[in-house]
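These notes concern the structure reproduced below.
In this chain, numbering begins with 1 at the start of the sequence shown.
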Amino acid sequence: RDVRALVVDESSLVSIQTFSTLFSILLKHSCLQKLVLLGDIDQLPSIDPGNFLTDIYHALAPIGWSIKLRTNHRSESKLIVDNATLISQQRLPEFDQERHFHKVRVDREEMLSKAVKDLLKNGCAGNHETSQFVAFRRKDCNIINEVCCQWYSGHSMKNNKKETWFMVGDKVCCTKNANVNVFSDPKPHADKEVEPQASKDTQPSTDKQVKQQKKSKSKLETVRLCNGEIFFIREDLTVQDAKGRSTRYLMLDDLDRQIKVDYREVKFKGGLKHAWARTIHTYQGSESDTVGYVVGTPTRHQNWQHVYTAVTRGKKEVFVVTSSDALSRSVQTLPIFRNTHLRRFLEKLLSPERPPTVQGMGHAKLQARSFVTALDLCKGKDSGAGPSTAGTDGDMGKFTAISEPGTILGEVTKRDKAVETDSPFISPIAANRRR
């Protein structure tokens, strides 16, 4: 209930359904007063239906609620920023080795494996902690992961049973959100220590309860692993308990923390996979010093937004692995149109053409618009754009002031100047009366 401001980063990844659920909960159970959406409208939208950030941005721009930030704070190479602008205009990027924007020509799919090996040998992507391969197709990701697995860890991705195999030195990621147990000392045989006998009142009544108590002693906590999190395997430990049962544990390091988890649990719950190469949809929102983007075979589904999103993941250096034809066709391909209604809904809701009406004695009369905030609109307060669904409980009375830029959170300021006549929150009749 103490939440007063909501800031959502990488909003282009958010689906309408997810945001609707979150926003409804906050409006019902908190004192939300401000909402800030951050993101790049040129990046790929959510894989779910809708075009959330783009629709919101263009719908709120005419009334000054959308702001475009023009100063780059991510990429250290100016050419990366300039090329991203060219790609957003459906123009080919400029390649310059001295300015750390490279082109690696691969005319056929069979050449991809050799091209990746050459990049690794030349040290272009030598440090896998600060570099990342990105591709449009999963097939290309599998080829790159196989090459990198042998280069960094000296083994193949699959064992002799054709099962995905993980060893120390592997770069892995979770593909599903999961809660997994973290172990401080993964030695089950520690339970063999002699313990004082419990009384009849405190002694567990079933063998199941005894097992649960013993199991809980080896666990410290539960950690949430999120889809897309990248880890490096530092240790691989297999331990046998007193009954001869083996348990395999992995020490995962995300360069900020180290956690020791059960291998089977993280593999099946978290969907553990090798992560030297990721698809552009799964790597969106992340960044690395060096990024290598594999365009692959041209397809109708790959457009300039995929190339733009991949290029902007790099902070210092970018390698584009492609043929001339594949890159040109991808950059010049428009995104598939999404027939969404959010933008039209907001534009109609904020339209100043229809002032609200009040039922008088036998006739309807126009009423000047009062100030309405975005929260009022979401709660259904009458803005003149349509019928009101707001309740009479008066809960939204504290949200009736529009915050000016620079206003302290929760502070309500008086307006020194009259509202402009083209404001969507005041009727033309009220404006004429004021004159």
Side-chain angles (χ1 to χ4, degrees), residues 1-41 46 48 50 52-69 177 179 224 226 285 341-343 345-352 355-356 358 367-420 423-427:
R1 292 186 174 275
D2 296 331
V3 176
R4 294 181 177 271
L6 172 64
V7 181
V8 183
D9 194 14
E10 298 291 348
S11 299
S12 59
L13 293 169
V14 180
S15 67
I16 294 179
Q17 183 61 46
T18 301
F19 185 81
S20 175
T21 303
L22 172 63
F23 205 34
S24 299
I25 293 174
L26 289 177
L27 288 178
K28 183 178 180 180
H29 299 287
S30 71
C31 300
L32 189 63
Q33 295 178 338
K34 288 191 176 183
L35 169 65
V36 180
L37 301 177
L38 303 173
D40 190 345
I41 61 174
S46 170
D48 294 326
F52 173 69
L53 182 62
T54 302
D55 287 349
I56 290 283
Y57 178 86
H58 290 296
L60 301 183
I63 60 175
W65 287 8
S66 297
I67 301 174
K68 188 171 184 178
L69 305 178
N177 297 328
N179 293 322
R224 178 74 168 176
C226 299
H341 299 281
L342 178 59
R343 179 175 177 179
F345 170 77
L346 290 175
E347 289 175 344
K348 181 179 179 181
L349 199 63
L350 297 171
S351 174
V358 176
Q367 181 186 26
R369 295 174 186 261
S370 61
F371 291 112
V372 182
T373 67
L375 291 177
D376 294 328
L377 300 178
C378 295
K379 293 290 285 188
K381 183 175 180 179
D382 195 349
S383 63
S388 174
T389 59
T392 59
D393 54 1
D395 290 340
M396 295 302 293
K398 54 189 173 182
F399 299 130
T400 55
I402 299 178
S403 299
E404 292 288 346
T407 303
I408 301 176
L409 182 64
E411 178 184 1
V412 179
T413 58
K414 295 183 179 179
R415 291 178 175 266
D416 297 330
K417 297 182 180 179
V419 180
E420 300 295 335
S423 169
F425 302 115
I426 190 166
S427 67

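A heavy-atom distance below 4.5 Å is not found between the side chains of I41 and K68. Counting only heavy atoms from C-beta outward, the side chains of I56 and L346 approach each other to under 4.5 Å.
We find the CG-CG distance between L349 and L342 to be 10.5 Å, quoted to the nearest 0.5 Å. Note that CD of Q33 and CG of L26 are 12.5 Å apart. Values are rounded to the nearest 0.5 Å. Remark: S30 OG to D2 CG distance equals 9.5 Å, nearest 0.5 Å.
The two residues E347 and H58 come nearest to each other via the heavy atoms OE2-O, 4.4 Å. The nearest pair of heavy atoms linking A61 to S66 is N-OG, 3.3 Å. Pairing each heavy atom of D40 with each of L53, the nearest pair is N-CD2, 3.7 Å. Counting all heavy atoms, side chain and backbone alike, V8 lies closest to L6 at CG2-CG, 3.9 Å.
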Chi angles and distances behind the side-chain contact (heavy atoms from CB on, under 4.5 Å) call for V14, L22: CA-CA 11 Å; V14 180; L22 172 63; over 6 Å; no
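Listed by chain and residue number, S20 satisfy the side-chain contact (heavy atoms from CB on, under 4.5 Å) test with S24 (two or more places apart in sequence, or in another chain). Taking the ring-ring contact (aromatic ring centres under 6.0 Å, His included) definition, one finds that F19 meets it with F23, F52, sequence neighbours left out.
A donor-acceptor pair under 3.5 Å links the side-chain atoms of S11 to the main chain of L38, judged by distance alone.
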